[in-house]
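Accompanying notes for the structure given below.
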Amino acid sequence: MSETPSNAPDTPAASNFVRDLVRADNEQGTFGGRVQTRFPPEPNGYLHIGHAKAICVDFGIAEEFGGLCKLRFDDTNPVTEETEYVDAIVDDVRWLGFEPGEPVYASDYFETLYQWAEHLIATGFAYVDDQDAETISAQRGGYGRPGVESPFRDRSVEENLALFRAMRSGDLPDGSHVLRAKADMQHENMQLRDPIMYRIRHEHHHRTGDQWVLYPTYDWAHGQSDAIEGVTHSLCSLEFDSHRALYDWYLEHCPLPGDQPRQTEFARLELTYTITSKRKLRQLIDDGVVDGWDDPRLPTLRALRRRGYPATAIRSFCDFIGVAKTNSRHQIEMLEWFIRNELNRTALRRMAVLRPIKLVVTNWPAGHVEMVELVNNPENPDDGVREVPFTGEVWIEDDDFKAEPPPKYFRLTPGREVRLRGAYYVQCTGFSNDADGNVTEVHCTYDPDTRGGNAPDGRKVKATIHWVSTAHAVPIEAALYERLFAAEVPGERTGDPIDDLRPNSKTVLAGKAEAALGDVAPGQVVQFERLGYFARDGERAGLFHRTVGLKDDWANAQKRTK
RNA sequence: UCCGGGGUCGUUCAAUGGUAGGACGGCAGGUUUUGGUCCUGCAUAUAGGGGUUCGAGCCCUCUCCCCGGAACCA
């Protein structure tokens with residue numbers, strides 16, 4: 001994975017500040033030349049595209065410097081966490097193309113953490129507070145306002161130890177006591193105003209069961225877990241910047257087995273027209289706006305996988321956008337370009353008509369069937385060719401005929417000649433329509449000399465359209481997806497992204513396709529010629545999800561003139 | 001209000017005191033049996049004011065703007 005992604009734009013490896021920093025550490029021998037990172041999700045939901053960047057950075061940096069990256073579950077809060085998510089996350093990381101090995105857990109270190117907490121008590125750097133959450137919060141003060149020290153702050157070591165052990169015993173109710181670090185109630189950084197290390201929660205933990213009622217907070221668990229594992233570079237997102245001082249403070253007060261790890265923050269990945277808030281994602285599912293965590297309109301890795309986004313393309317994208325400290329939001333078009341770029345090279349071409357109208361070749365010999373040859377992928381000759389039956393009656397896309405063509409329309413219209421891909425030139429002689437004026441049938445004549453789609457006299461046509469013989473067509477269903485949100489930054493207007501939901505983000509069409517589409521493997525992505533890339537559903541044969549459309553200058557131009 | 005982090009083409013990422021560059025997007029053209037791909041070209045940026053320097057996007061200083069921070073969440 002350390003090689004340059006094959007479909008990334010051909011530019012020199014972009015420098016980024018994290019890479020520079022790790023390299024500098026190596027040159028100075030800061031960690032004895034060792035590089036170790038970790039990807040630390042909380043198992044309380046599914047991974048999304050934002051996590052993909054973190055995974056690429058965490059695993060990528062380790063790989064690049066010959067180091068190690070572990071998948072660590074930050075499972076310090078039993079009320080939100082479940083084994084189901086653990087399994088899904090491992091699966092998603094692997095799908096992305098990284099080997100998580102045997103995952104580790106913050107809960108593996110509960111006993112060590114506990115011992116170190118007693119060490120802090122013994123050295124005078126932690127105390128048990130009997131006050132409730134509200135009181136503690138109020139005493140914390142505010143920005144530019146002083147904090148108030150807890151009346152329990154100066155308990156003796158003996159009393160603290162006894163109380164802390166009682167907390168562990170399970171005899172004390174939730175919320176009755178917490179363990180706090182004795183740091184600095186006047187610190188300008190609120191994180192240092194005697195933060196909570198332990199709270200009592202009589203809850204079942206997905207791994208440790210009922211063994212503990214004492215659960216460490218994130219800040220107390222994270223850096224210590226890093227140190228226990230031998231992490232050198234603890235990479236996280238920008239919002240933890242203000243936690244770094246506390247991260248260091250804890251580390252300096254613990255009897256570490258080795259080097260003190262260092263936290264570095266970088267900007268998380270945000271995309272236009274997309275949300276990644278777990279809470280809001282869940283709401284979309286609960287409200288029935290989407291069908292589930294793997295609904296292809298969602299940015300979860302499961303959804304993107306189902307939609308046909310290749311993991312390699314996602315990785316290339318993540319590698320390409322780099323790592324910085326600027327809060328930013330990448331355009332989704334950039335991601336889509338990476339998806340198309342990869343699929344263009346790899347996806348087999350097939351013909352499918354999604355909004356069929358009938359085209360009748362009036363001079364075609366009745367009942368005659370002819371096999372025509374089509375290339376499977378013009379970008380890759382190794383994919384070979386296939387034969388497709390052509391007859392005098394085919395389905396074509398209703399978009400490809402206009403009784404009254406707009407300016408610069410190249411496709412079928414009365415009198416116009418076009419090419420049916422791989423078959424013949426046909427010229428439109430007329431059409432019929434129903435009472436409402438809808439076109440029901442297009443009439444053409446074909447030129448027998450143009451078999452294969454070439455005119456011996458050298459005359460050109462401006463359009464080539466796809467088709468499917470009506471007698472040989474297999475029915476398919478195609479799910480078309482639009483962006484879930486109509487706004488670049490969902491929720492920017494009102495504060496709630498739900499207000500920016502686009503009404504019809506999913507359309508299912510009953511189409512007609514060539515027989516080869518019956519052979520597409522679950523999850524495989526093919527290109528429906530001129531329409532886009534489509535992924536075969538994981539379960540249902542005949543159901544295809546549109547991964548992404550083809551770039552369509554004609555449609556874009558039409559949209560603009562409207 | 002206090003502390004911290006940021007501010008470079010429309011967007012995003014580079015340029016580490018020495019020619020402001022790439023990608024996506026846009027526009028124009030060429031090739032093409034996908035209005036796809038590919039190729040060529042064009043346009044657009046250092047938030048503002050002072051300073052240091054032969055030379056500043058980069059260093060100093062003042063101002064402005066954006067983001068984060070006062071869970072027993074992570």
Side-chain angles (χ1 to χ4, degrees), chain A residues 8-12 14-17 20 40-42 44 74-77 79-80 129 132-134 136-145 147 174-175 177-180 187-191 193 195-201 215 217-219 221-222 236-245 265 267 272 278 320-338 340-341 344-345 349 351 374-375 378-379 408-411 419-423 425 452-454 460-466 488 527-532 549-558:
Chain A
D10 188 21
T11 50
S15 79
N16 72 54
F17 79 98
D20 293 349
E42 184 187 15
N44 68 347
D74 239 326
D75 54 350
T76 56
N77 186 357
V79 308
T80 57
D129 198 332
D132 62 25
E134 214 175 313
I136 291 174
S137 173
Q139 288 174 348
R140 193 118 43 201
Y143 305 134
R145 309 251 65 215
D174 288 11
H177 304 267
V178 289
L179 186 73
R180 288 230 256 169
H187 202 104
E188 59 203 10
N189 181 344
M190 225 53 68
Q191 309 298 330
R193 315 254 264 225
I196 309 294
M197 295 170 64
Y198 279 100
R199 68 280 214 196
I200 302 173
R201 291 253 226 268
Y215 289 99
T217 54
Y218 164 86
D219 287 298
H222 202 91
C236 64
S237 48
L238 251 24
E239 71 262 33
F240 291 105
D241 171 286
S242 59
H243 293 243
R244 191 175 58 244
E265 312 82 23
T272 55
K278 231 169 261 178
F320 184 73
I321 61 172
V323 182
K325 289 191 86 114
T326 320
N327 285 302
S328 59
R329 186 177 291 271
H330 283 77
Q331 293 175 333
I332 188 103
E333 288 84 353
M334 168 99 80
L335 205 211
E336 289 174 341
W337 182 86
F338 275 84
R340 286 195 194 98
N341 188 43
N344 178 50
R345 294 191 346 262
R349 311 295 130 120
M351 293 199 293
L374 288 162
V375 300
E379 305 295 317
K408 299 241 182 96
Y409 186 78
F410 298 153
R411 284 110 96 150
R419 173 166 40 231
L420 292 180
R421 176 135 222 191
Y425 279 17
N454 283 306
K460 304 279 189 205
V461 288
K462 291 195 99 165
T464 300
I465 66 179
H466 61 281
E488 270 200 12
Q527 184 192 106
F528 290 1
E529 293 234 26
R530 303 208 301 136
L531 296 176
L550 259 22
K551 190 173 161 214
D552 192 344
D553 287 340
W554 167 247
N556 288 342
Q558 294 299 102

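No experiment lies behind these values; they were computed from the predicted model shown. To find a chain, count down the sequence lines: A is the first, B the second, and so on, and within it residues start at 1. Reckoned from all heavy atoms, side chains included, excluding hydrogens, waters and symmetry mates.
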- Watson-Crick or G-U counterpart of B/A28, or none if no pair lies under 3.5 Å: B/U40
- Do A/Gln527 side-chain and B/G36 base share a donor-acceptor contact under 3.5 Å? no
- Task: Could you tell me whether the phosphate oxygens of B/C13, OP1 or OP2, come under 4.0 Å of any side-chain nitrogen or oxygen in A/Ser328?
- Result: yes
- Walk me through it: do A/Thr272 and A/Met334 pass the test side chain to side chain contact (heavy atoms under 4.5 Å, CB included)? CA-CA 10 Å; A/Thr272 55; A/Met334 168 99 80; over 6 Å; no
- Query: Closer than 4.0 Å, any side-chain N/O of A/Arg199 to the OP1 or OP2 of B/A74?
  - Reply: yes
- Pairwise C1' distance, B/G18 and B/C58 [rounded to whole Å]: 12 Å
- Query: If you look at every strand shown and take non-hydrogen atoms under 4.0 Å, does A/Val323 touch a base, only sugar-phosphate, or nothing?
  - Reply: sugar-phosphate
- Query: Mind checking who B/A23 pairs with, Watson-Crick or G-U wobble, both distances under 3.5 Å?
  - Reply: B/U11
- Item | Check: A/Arg199 side chain, A/Gly175 main-chain N or O, donor-acceptor pair, under 3.5 Å | no
- Just to confirm, is there a sub-4.0 Å distance from OP1 or OP2 of B/G35 to any side-chain nitrogen or oxygen of A/Arg530? yes
- Across the strands shown, which category fits A/Glu42 at heavy-atom distances under 4.0 angstrom: base, sugar-phosphate, nothing? sugar-phosphate
- Query: To the side chain of A/Arg140, which of B/G26, B/A70, B/A23 is closest?
  - Reply: B/A70
- Task: Send over the distance from A/Lys325 NZ to B/C66 C1', rounded to a whole Å.
- Result: 16 Å
- Item | B/A74 pyrimidine/purine six-ring stacking with A/Tyr218, under 5.5 Å and 30° | no
- Message: Say we look at B/C54 and B/U44: how far apart would their C1' atoms be, to the nearest angstrom?
- Response: 31 Å
- Message: Base, sugar-phosphate or nothing for A/Arg329? Non-hydrogen atoms, less than 4.0 Å.
- Response: sugar-phosphate
- Nucleotide nearest A/Asn77 (side chain, heavy atoms from C-beta), chosen from B/A74, B/C38, B/C13: B/A74
- Note on the structure: Among the nucleotides B/G69, B/C67, B/A74, whichever has the atom closest to the side chain of A/Thr76 is B/A74
- Message: Under a 3.5 Å cut-off for both contacts, is B/U34 paired Watson-Crick or G-U wobble with anything, and if yes, with which nucleotide?
- Response: none
- Report yes if a side-chain nitrogen or oxygen of A/Arg349 is closer than 4.0 Å to either non-bridging phosphate oxygen (OP1 or OP2) of B/G36; otherwise report no. no
- Message: Counting the atoms with a prime plus P, OP1 and OP2 as sugar-phosphate, which does A/Phe240 contact under 4.0 Å by heavy atoms, base, sugar-phosphate, or nothing?
- Response: base
- Query: Using a cut-off of 4.0 Å on non-hydrogen atoms, how would the nucleic acid contact of A/Asp20 be classed: base, sugar-phosphate, or nothing?
  - Reply: base
- Ignoring hydrogens and angles, does a donor from either the side chain of A/Glu333 or the base of B/U11 sit under 3.5 Å from an acceptor on the other? no
- Task: Considering non-hydrogen atoms only, spot the tightest contact between A/Tyr215 and A/Arg201 and give its length.
- Result: CE1-O, 3.3 Å
- Pairing partner (Watson-Crick or G-U wobble, both distances under 3.5 angstrom) of B/U52: none
- Message: Rounding to an integer number of Å, can you tell me how far A/Asn344 CG sits from B/U34 P?
- Response: 12 Å
- Query: Roughly how far apart, to the nearest Å, are B/C60 and B/A28 at atom C1'?
  - Reply: 46 Å
- Message: Please classify the nucleic acid contact of A/Phe528 as base, sugar-phosphate, or nothing, using heavy-atom distances under 4.0 Å.
- Response: nothing
- Note on the structure: Among the nucleotides B/C72, B/C13, B/G69, whichever has the atom closest to the side chain of A/His330 is B/C13
- Message: Tell me whether A/Phe320 and B/A23 count as stacked here, given that the ring centres must be under 5.5 Å apart and the planes must differ by less than 30 degrees.
- Response: no
- Hey, does the side chain of A/Arg421 come within less than 4.0 Å of B/G35's phosphate (OP1/OP2), counting only N and O? no
- Query: Between B/C24, B/C13, B/G36, which one does the side chain of A/Gln331 approach most closely?
  - Reply: B/C24
- Message: Categorize A/Thr80 for me: base, sugar-phosphate, or nothing, with a 4.0 angstrom heavy-atom threshold over every strand shown.
- Response: nothing
- Task: Could you please spell out the steps behind the side chain to side chain contact (heavy atoms under 4.5 Å, CB included) verdict for A/Arg421 and A/Leu374?
- Result: CA-CA 8 Å; A/Arg421 176 135 222 191; A/Leu374 288 162; 3.6 Å; yes
- P atom, B/U46 versus B/G57: distance in rounded Å? 10 Å
- Query: When we call it a touch if two heavy atoms are under 4.0 Å apart, what does A/Gln191 touch: a base, just sugar-phosphate, or nothing?
  - Reply: sugar-phosphate
- Item | Nearest-nucleotide pick for A/Trp337, side chain only, options being B/C24, B/G35, B/C72 | B/C24
- Paired with B/U46 by Watson-Crick or G-U wobble geometry, both distances under 3.5 Å: which nucleotide is it? none
- Syn or anti for B/A71, taking syn as within 90° of 0? syn
- Looking at A/Thr76, A/Asn77, A/Ile196, A/Leu179, which hits side chain to side chain contact (heavy atoms under 4.5 Å, CB included) with A/Thr217? A/Ile196
- Measure from the side chain of A/Thr326, starting at C-beta and using heavy atoms only, and say which of B/U37, B/G6, B/A74 lies closest. B/G6
- Message: What is the distance, to the nearest angstrom, from the OH atom on A/Tyr143 to the P atom on B/C67?
- Response: 14 Å
- Query: C1' atom, B/G10 versus B/A43: distance in rounded Å?
  - Reply: 12 Å
- Write down the partner of B/G57 under the Watson-Crick or G-U wobble criteria, each distance required to be under 3.5 Å. none
- Task: Give a yes/no on whether any side-chain N or O of A/Ser137 is located under 4.0 angstrom from OP1 or OP2 of B/A71.
- Result: yes
- Item | Proximity to the side chain of A/Glu239 - top-ranked nucleotide from B/G10, B/G68, B/C72 | B/G68
- Which whole-number value in Å describes the distance from A/Met334 CE to B/C13 P? 9 Å
- Item | Sugar-phosphate, base or nothing in reach of A/Lys462, heavy atoms under 4.0 Å | nothing
- Validation row: A/Trp337, A/Lys551 side chains within 4.5 angstrom (heavy atoms): no
- Query: Could you walk me through whether A/Leu531 and A/Leu550 pass the side chain to side chain contact (heavy atoms under 4.5 Å, CB included) check?
  - Reply: CA-CA 6 Å; A/Leu531 296 176; A/Leu550 259 22; 5.9 Å; no
- So what does A/His243 touch, heavy atoms closer than 4.0 Å: a base, only the sugar-phosphate, or nothing? base
- Looking across every strand, which nucleic acid part, if any, lies under 4.0 Å from A/Asp132 by heavy atom: base, sugar-phosphate, or nothing? base
- Item | Polar pair under 3.5 Å, donor/acceptor by atom type, side chain A/Arg340, base B/G36 | no
- Item | Stepwise side chain to side chain contact (heavy atoms under 4.5 Å, CB included) check, A/Gln558 with A/Lys408 | CA-CA 10 Å; A/Gln558 294 299 102; A/Lys408 299 241 182 96; over 6 Å; no
- Message: Work out how far the C1' atom of B/G21 is from that of B/U61, and round it to whole angstrom.
- Response: 30 Å
- Message: Using the P atom as the point on both nucleotides, what is the distance between B/U19 and B/G36, in whole Å?
- Response: 38 Å
- Query: Contact class for A/Asp219 vs. all strands (heavy atom < 4.0 Å): base, sugar-phosphate, or nothing?
  - Reply: nothing
- Message: Counting the atoms with a prime plus P, OP1 and OP2 as sugar-phosphate, which does A/Ile321 contact under 4.0 Å by heavy atoms, base, sugar-phosphate, or nothing?
- Response: sugar-phosphate
- Classify the nucleic acid contact of A/Pro40 as base, sugar-phosphate or nothing, counting any heavy atom under 4.0 Å across all strands shown. nothing
